[in-house]
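To find a chain, count down the sequence lines: A is the first, B the second, and so on, and within it residues start at 1. Computed from heavy atoms alone, side chains included, the values below leave out hydrogens, waters and symmetry copies. Bear in mind that the values here come from a model prediction, so they are computed numbers and not experimental data.
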Amino acid sequence: MSSGWILYAVGVLNLVGFYAIVAMVLNLEAGWGGMWDLGLAGLLGVGGYFYVLSTVDSSGLDLNFTPGWPMLLGILGSGIVTAFVAFLIGIPTLRLRGEYFLITTFAFAEMIRQLIINESDFTNGTLGITSIDRPFATTFGGIKYEWVLLGITVLSVLAIYLLMRRLGHAPYGRNMRSFRDNETLALALGKNVTRRRIQIFVLAGFLLGIVAPLYVWHIRAIVPSMYGPDITFTAWTALVVGGIGSIGGSILGALLLVGFTQGLLFIPVSAEYTNVLSAMPQLLLGIALILIMRWRPDGLIPERFSFTPGNRGSGGRFLRSRAAAIGGLLGRGSPEQSGRS
Amino acid sequence: MLLQVIIFGLVQGSILALATVGFAMTRQTEGFLNIAHGQYLAIGAFLGLVYFDNLGANVFVAGLLVVLSMGVIGVAIARIVFDPVRKRGALVLLFTSIGLAYALYGAIIAIFGTDVKLFSVSFGKSFAIGSASITVGEIIIIALALLTVAGLWLFLTFTRLGMWVRAVASNPELARVRGIRVQIVSSTVWFIAAGLAGLAGMLLAIIGSASPELGWANILVILAVAVMGGVGRIYAVIAAGLLLGLVMSLSAEVIPIAYQTVVAFGVLVLVLVVRPEGLFAVKRRREIAAA
């Protein structure tokens with residue numbers, strides 16, 4: 001009994017790690033880059049599906065593309081393909097600002113999910129694929145495997161954390177935050193904002209593609225419903241709860257949010273309350289987001305990198321300054337286009 | 001056959017227009033995209049079922065009750081959830097509405113379960129129009145949408161409150177300075193928006209089915225219609241709703257029906273990239289931007 005609890009907890013930690021990585025990548029895009037992306041789920045879907053299809057054992061499956069690559073090649077391939085898809089999405093959408101960017105990325109994610117559902121010759125449609133090999137599974141089989149996966153997840157979180165720290169402190173990161181905070185000034189200083197935006201968007205796509213297999217290994221299957229808006233909004237909530245703009249905040253947010261909602265599902269209840277229990281993660285996610293926005297809009301760990309010292313953590317500074325930038329658009333009925341004209 | 005598709009497109013488009021008008025109105029007067037608007041549709045559908053099945057109300061009475069109760073719920077939500085964070089700006093409001101969408105979605109599942117439910121309503125007898133046919137029920141849905149839009153137009157154009165709404169939509173600061181009671185305007189807009197969303201949800205449940213996914217399934221299409229219409233003008237939103245309904249059902253003739261939503265979002269992306277001010281905008285005219 002007790003070992004069952006521990007294994008469940010390890011599984012939850014795997015999920016926490018995955019969301020921590022996604023939230024960190026989101027922080028790169030939105031927190032520092034100022035690109036409020038609601039299309040994460042679509043890119044993760046591309047990465048997850050490419051990885052599974054390129055590595056799966058094709059016997060028993062009648063699909064159009066199953067080359068049976070080794071795992072590492074599959075992971076690398078999924079990173080490259082996802083980066084390419086991000087590039088294709090980025091070209092039209094990065095010209096848009098504020099909420100129009102949100103809407104368009106959201107729409108692209110939904111289109112990708114519909115394509116995955118409908119192109120069943122490639123993806124096996126809503127049935128998905130369930131026979132998924134996991135790394136080192138032959139060496140460490142059985143129920144202890146969750147620990148192996150935990151090790152891989154922790155290493156991935158650490159790697160992404162170090163990468164983000166490096167990026168955050170480097171001139172590149174400062175440059176990024178400069179056009180987030182004052183695009184006109186950055187342009188006046190001769191920074192190529194458009195190119196930098198595309199670079200970050202593609203880099204985020206590549207990272208999402210590389211970590212997408214983690215999620216697949218955790219679930220041990222791939223179906224289109226795994227890539228609904230849930231995954232995007234959970235990552236966003238984790239980031240906002242932890243503190244948008246801070247890397248540690250992303251990890252803390254994922255730990256609190258995913259740990260709490262998943263832990264809740266383990267409470268034993270009688271059959272008549274199963275509906276209520278299954279609704280709890282959504283309900284709590286929503287309430288958490290509302291409460292944080294109301295009382296602590298800068299999150300639990302406010303951003304440390306800021307160009308307005310003395311202003312840090314003063315109740316919603318970040319979101320307010322973002323909102324001010326976007327506020328100019330509101331009510332005008334038209335997104336401003338940047339572009340290099 | 002083509003005529004039949006057009007009829008279905010019109011029915012779908014009318015409901016879409018109903019669902020989107022309120023969304024565009026709140027966007028204009030409150031200044032943010034209310035992602036929870038989709039969940040209002042789902043709540044409306046389930047409330048309709050409660051009134052119709054459990055309380056045994058006539059379907060029209062049930063519809064009226066849905067509009068009224070959703071209106072009250074909409075105002076209550078605005079006062080409790082949105083008002084306290086209003087000063088923090090559009091993005092905090094946007095994320096609050098995403099949180100609200102999740103909370104409502106969870107609440108719907110907790111209360112009504114995940115089963116798909118159907119309205120046992122008869123659509124009445126059908127009339128032949130050439131090779132196609134249209135039922136009484138479908139005519140009522142289209143007429144209902146047109147009447148609502150006409151009523152909304154009359155309200156906005158000829159009543160004092162309607163004028164206030166347009167004033168706030170056009171310039172909230174100036175409206176406040178001029179002594180317009182912004183709180184009343186805000187309540188009115190939320191009542192109309194949530195009420196119409198509830199009605200649209202119930203109609204969707206009648207022509208299809210009611211499930212907790214109704215909200216998430218429709219919010220993007222609502223966004224698409226609102227953006228196509230140019231999030232500002234009530235008539236443009238109606239036209240965009242009808243157009244998108246037609247495009248979606250006509251596209252089913254050419255490409256597999258499963259791609260209907262992809263077509264809708266494809267149109268959305270195309271409009272945003274090519275003509276971001278909306279399809280029907282002649283130029284930016286904020287003074288007529290009532291809804």
Starting from the C-alpha separation in whole Å, work towards a yes-or-no answer on side chain to side chain contact (heavy atoms under 4.5 Å, CB included) for A:Y19 and A:S250. CA-CA 9 Å; A:Y19 274 112; A:S250 310; over 6 Å; no
Can you tell which of [options] has the highest number of heavy-atom pairs within less than 4.5 Å of chain A?
options	result
B:L104, B:I35, B:L100	B:L100
B:V85, B:L220, B:I109, B:V262	B:L220
B:V81, B:T96, B:I108	B:T96

Chain B contact via A:S278 - which portion, at a heavy-atom distance below 4.5 Å: side chain
Partner set under side chain to side chain donor-acceptor pair (under 3.5 Å) for A:D121, not counting sequence neighbours: none
Go through the structure and list residues passing side chain to side chain donor-acceptor pair (under 3.5 Å) with A:R294, not counting sequence neighbours. none
Does any backbone or side-chain atom of B:L93 lie under 4.5 Å from a heavy atom of chain A? Answer side chain, backbone, both or neither. neither
Using 30° and 60° as the class limits, which term best fits the ring planes of B:F82 and B:W190: parallel, tilted or perpendicular? parallel
Taking the side chain as every heavy atom from C-beta outward, state whether A:P229 and A:E110 have any atom pair closer than 4.5 Å. yes
